[in-house]
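Have a look at the structure below before the remarks.
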Amino acid sequence: MTSTAPETQRGQDAGDPLGEQPTSWQRRLRRFGHVPRPETSLRDRLDPPWTRPGRQVWSVLAIPPHVADRMVRWSAWGGPLLVTLVAGLLRFWRLDQPNAVIFDETYYAKDAWALVNQGYEGSWPKDVDKLILKDPSSVPIPTDPGYVVHPPVGKWIIGFGEQLFGFTPFGWRFMVAVLGTISVLLLCRIGRRLFRSTFLGCLAGLLLAVDGLHFVMSRTALLDLIVMFFVLAAFGCLVVDRDRSRRRLADALPVDEEGVLRPDARIAETLRLGWRPWRLAAGVMLGLAFATKWNGLYVLAAFGLMTVLWDVGARRTAGAARPYMAVLRRDLVPAFFSTVPVAIVTYIVSWTGWIVTDKGYYRNWAATEGKGSSWSWLPDWLRSLWHYENQVYDFHVGLTSGHTYESNPWSWLVLGRPVSYFYEEQAGCKESSTGKCAAEVLAIGTPLLWWLACFALAYVVWRWLFRRDWRAGAIACGVAAGWVPWFFYQERTIFLFYAVVFVPFLCLAVTMLLGAIVGPAAGTGARADLGLTSKDPTGERRRTLGAIAAGVLVLLIIWNFIYFWPLYTGTSIPEDLWRDRMWLDTWV
């Protein structure tokens, strides 16, 4: 096992030249845990090395060094793929159950079917769900346009699964399950790159695989997990872009006669980092997130700011005297055009099905009610789309009708009010003292994972503020981008399952905390203030105890997922056992 990253990476964005004494504010912050950046090479600060398992692990297993090296190389993809395989088996097992239209599937499954068949959503008759389940071929697609309040990308994706496997529960859940499974692979690889550790990357993916909310959302044809997938993909693209741009900056810096990389203010302030396709890909991913649900727009703003601040940290580390001015001159405009316009164009393109038809809702507004407007010089489809979006915005901000399962975002992290997607009672259950069995699909995170995440987030914020750890800042940004915007709409009807957008970042936060509990490997540049050196038996004992504690926590989380498995899958259990799992009164 490894710590959250090699010590050479910690504080790498502090930006001070090597050997500079800590500033007065840094000295004052030491009482809160601030630790000055250790003296490490400039190249390691710009392009941190990857951690490798200690040789003693392979010695205990009697594995020759050359075989061990090959296994380490294979584990970079082998480990994440193995975790993904487990996640996929869990998500696709009995995906067609319950054989019902659960919760908001009643909107998105039908809208997706109309969209992929005629290019726009139809106005479905009421109480048609039972007919669809009985014989979908007997239910005609309505040609009258339907008023929908979410962009089309998520429904196109759901509809693709319906095209493959039919207008059935398995068909409309298939692509969501695919994206839920792939997101586990993405998080493994992102965590590996973030922490420079294959083990910790796989641990982050494993935590996501056994999170109840992510699991339930992966098996339900709703839009929020699709938003999560594109947000996570965008974050991964930006992390890769960060690594590549910093490596390019390091390669451009001068090397002294001893072969040591040295900072250079002129290069750090004037170097153009060139073509950055990964940031462009992030713009596309954020556009697809925004084109699935509008809350992706907040993530676009947060991630755009984050990647610019990463450039500031890179140029400061490379020796720039005025890093903000350097980024303003060299990086800000390319960063803007790589994300915002790309995302907007992606959003507009996603409406192609609506644009090319003349039957979509509000499609002909510009030629009828909007005729004679001062904006009539614009294309009719664009003005009609703008009017449609304006009406949808009014709907969203005015959605204040009460709902049994609505919840305040303050309660999300502690799982105050989960959402019941499906509930069914069966009489004549002999195993139950009440004579009843219950089958439920409850959208709730794995409780022990989420409650541990509360402490992990506090640790992440502390580490970001007082250890100047960019990784902690990135994780905090991901959580804030998906969570904080909902606080501005507390009068609106909102639900816990919206939080699935930032679940991967909660898993990263917990992984970072567990890595800290394990502690840094002896002999890998550990700081003297922790007393962890290769010759320090106390450090080895502390690491052993930390590994045991972290392992116990992970096993408890996995057990908790298994314990709540019936509530995630709609498995019928005696009502007594169902009530045993209602740990809080607000869960009923």
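All values below come from the heavy atoms of this structure, side chains included, with hydrogens, waters and symmetry mates left out.
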Correct closest heavy-atom pair for Phe195 and Leu508 would be CZ-O, 3.7 Å
Would you call the rings of Phe235 and Phe505 parallel, tilted or perpendicular, where under 30° means parallel and over 60° means perpendicular?
perpendicular
Measure the shortest side-chain to side-chain distance between Tyr563 and Leu448 over non-hydrogen atoms and say whether it is less than 4.5 angstrom.
no
Listed partners of Leu584 passing side chain to side chain contact (heavy atoms under 4.5 Å, CB included), at least two apart
Thr586, Trp587
Does Trp486 form a side chain to side chain contact (heavy atoms under 4.5 Å, CB included) with Asn295? I'd like the steps, not just the answer.
CA-CA 9 Å; Trp486 294 110; Asn295 53 319; 4.1 Å; yes
When you measure from the side chain of Arg189 to the backbone of Pro80, do you find a donor-acceptor pair of N or O atoms at a distance under 3.5 Å?
no
Trp583, CH2: over 12 other non-hydrogen atoms inside 6.0 angstrom:
yes
Are Ile226 and Ile158 close enough that some pair of their side-chain heavy atoms sits under 4.5 Å apart?
yes
Residues at least two apart in sequence or cross-chain that pass side chain to side chain contact (heavy atoms under 4.5 Å, CB included) with Trp294, listed by chain then number, are Pro151, Phe290, Tyr347, Glu389, Val392, Tyr393, His396
May I ask you to check whether over 12 heavy atoms, not counting those of Arg581, lie within 6.0 Å of atom CZ?
yes
Heavy-atom pair of closest approach, residues Ala472 and Arg463
CB-CB, 4.1 Å
Residues in salt bridge (Lys or Arg N to Asp or Glu O under 4.0 Å) with Glu440, at least two apart?
none
Does anything in residues 78-98 form a ring pair (Phe, Tyr, Trp, His ring centres under 6.0 Å)? List the pairs, not counting sequence neighbours.
Phe92-Phe174, Trp93-Trp565
Between Ser338 (side chain only) and Ala335 (backbone N and O only), is there a donor and an acceptor less than 3.5 Å apart?
no
Using 0.5 Å steps for rounding, measure from the OG1 atom of Thr84 to the CG atom of Leu89.
11.0 Å
Leu42 side, atom CG; Leu261 side, atom CG - distance, nearest 0.5 Å
4.5 Å
First locate atom CE of Met512, then atom SG of Cys507, and finally report the distance between them rounded to the nearest 0.5 Å.
15.0 Å
Contact between Asp243 and Asp47 at the side-chain level, heavy atoms closer than 4.5 Å - yes or no?
no
Step-by-step side chain to side chain contact (heavy atoms under 4.5 Å, CB included) determination, Leu222 to Glu105
CA-CA 6 Å; Leu222 271 63; Glu105 284 186 342; 4.1 Å; yes
What verdict does the side chain to side chain contact (heavy atoms under 4.5 Å, CB included) test give for Phe199 and Thr511, after you've listed the backbone C-alpha separation in whole Å, the side-chain angles of each residue and the deciding distance to 0.1 Å?
CA-CA 10 Å; Phe199 173 78; Thr511 300; over 6 Å; no
Can you list the residues that meet the ring-ring contact (aromatic ring centres under 6.0 Å, His included) rule with Trp451, with sequence neighbours excluded?
none
When you compare the side chain of Arg543 with that of Val518, does any pair of heavy atoms fall below 4.5 Å?
yes
When rounded to the nearest 0.5 angstrom, what distance separates OG1 in Thr339 from CG in Leu238?
8.5 Å
Tell me, which pairs form a salt bridge (Lys or Arg N to Asp or Glu O under 4.0 Å) where one or both residues lie in residues 207-218, sequence neighbours left out?
none
If every non-hydrogen atom of Ala318 is compared with every non-hydrogen atom of Leu249, which pair is closest and at what distance?
CB-CD2, 3.6 Å
Any chance CH2 of Trp559 has more than 12 other-residue heavy atoms, nucleotides or ligands included, within less than 6.0 Å?
yes
List in chain and number order the residues that pass side chain to side chain contact (heavy atoms under 4.5 Å, CB included) with Ala453, two or more places apart in sequence or in another chain; answer none if no residue qualifies.
Leu506, Val510
Under 3.5 Å donor-acceptor, Trp483 side chain and Pro409 backbone
yes
Can you spot which of Phe497, Phe422, Tyr405 makes a ring pair (Phe, Tyr, Trp, His ring centres under 6.0 Å) with Phe103?
Phe497
Is there a side-chain contact between Met582 and Leu567 (heavy atoms, below 4.5 Å)?
yes
Can you name the side chain to side chain contact (heavy atoms under 4.5 Å, CB included) partners of Ser218, sequence neighbours left out?
Arg91, His214, Leu225
Just by distance, do the side chain of Thr446 and the backbone of Ile557 share a donor-acceptor pair under 3.5 Å?
no
Under a 3.5 Å distance rule, please check whether Thr198 uses its side chain to pair with a backbone N or O of Arg192 as donor and acceptor.
no
Do Arg193 and Trp50 meet the cation-pi criteria used here (NZ or CZ under 6.0 Å from the six-membered ring centre, within 45° of the axis)?
no
Mind running side chain to side chain contact (heavy atoms under 4.5 Å, CB included) on Phe502 and Leu413 for me, showing each step along the way?
CA-CA 11 Å; Phe502 60 84; Leu413 287 183; 4.1 Å; yes
Leu232 and Pro504 have their tightest heavy-atom pair at CD1-CB, 3.9 Å
Between Trp412 and Phe487, ring centroids under 6.0 Å:
no
Here the gap from Tyr459 atom OH to Ile475 atom CD1, rounded to the nearest 0.5 Å, amounts to 9.5 Å
I'd like to check Phe561 versus Leu449 (side-chain heavy atoms, cut-off strictly below 4.5 Å). Are they in contact?
no
Ala549 versus Ile517, closest heavy-atom pair with distance
CB-CG2, 4.1 Å
Flag for Asn408-Ser411: side-chain donor and acceptor within less than 3.5 Å:
no
Determine whether Thr292 and Ile157 make a side-chain contact, defined as any pair of heavy atoms from C-beta on separated by less than 4.5 Å.
no
Measure the spacing between CG of Leu300 and CG of Leu305 and express it to the nearest 0.5 Å.
11.5 Å
Residue pairs, two or more places apart or on separate chains, that pass salt bridge (Lys or Arg N to Asp or Glu O under 4.0 Å) and touch residues 284-304
Asp224-Lys293
Is a donor on one side and an acceptor on the other found under 3.5 Å between the side chain of Arg246 and the backbone of Arg45?
yes
Pairwise side-chain contact, Val239 with Trp310, heavy-atom cut-off 4.5 Å (strictly under)
yes
Can you list every pair that meets side-chain hydrogen bond (donor to acceptor under 3.5 Å, both in side chains) and has a residue in residues 296-307, with sequence neighbours left out?
Arg279-Thr307, Tyr298-Tyr489
To check you understand the geometry: which heavy-atom pair defines the closest contact between Leu496 and Leu213, and what is its length?
O-CD2, 4.2 Å
Please enumerate all residues that pass salt bridge (Lys or Arg N to Asp or Glu O under 4.0 Å) together with Arg94, with sequence neighbours excluded.
none
Not counting sequence neighbours, list each pair that qualifies as a salt bridge (Lys or Arg N to Asp or Glu O under 4.0 Å) and has a residue in residues 407-418.
none
Trp278 atom CH2, neighbour heavy-atom count above 12 within 6.0 Å
no
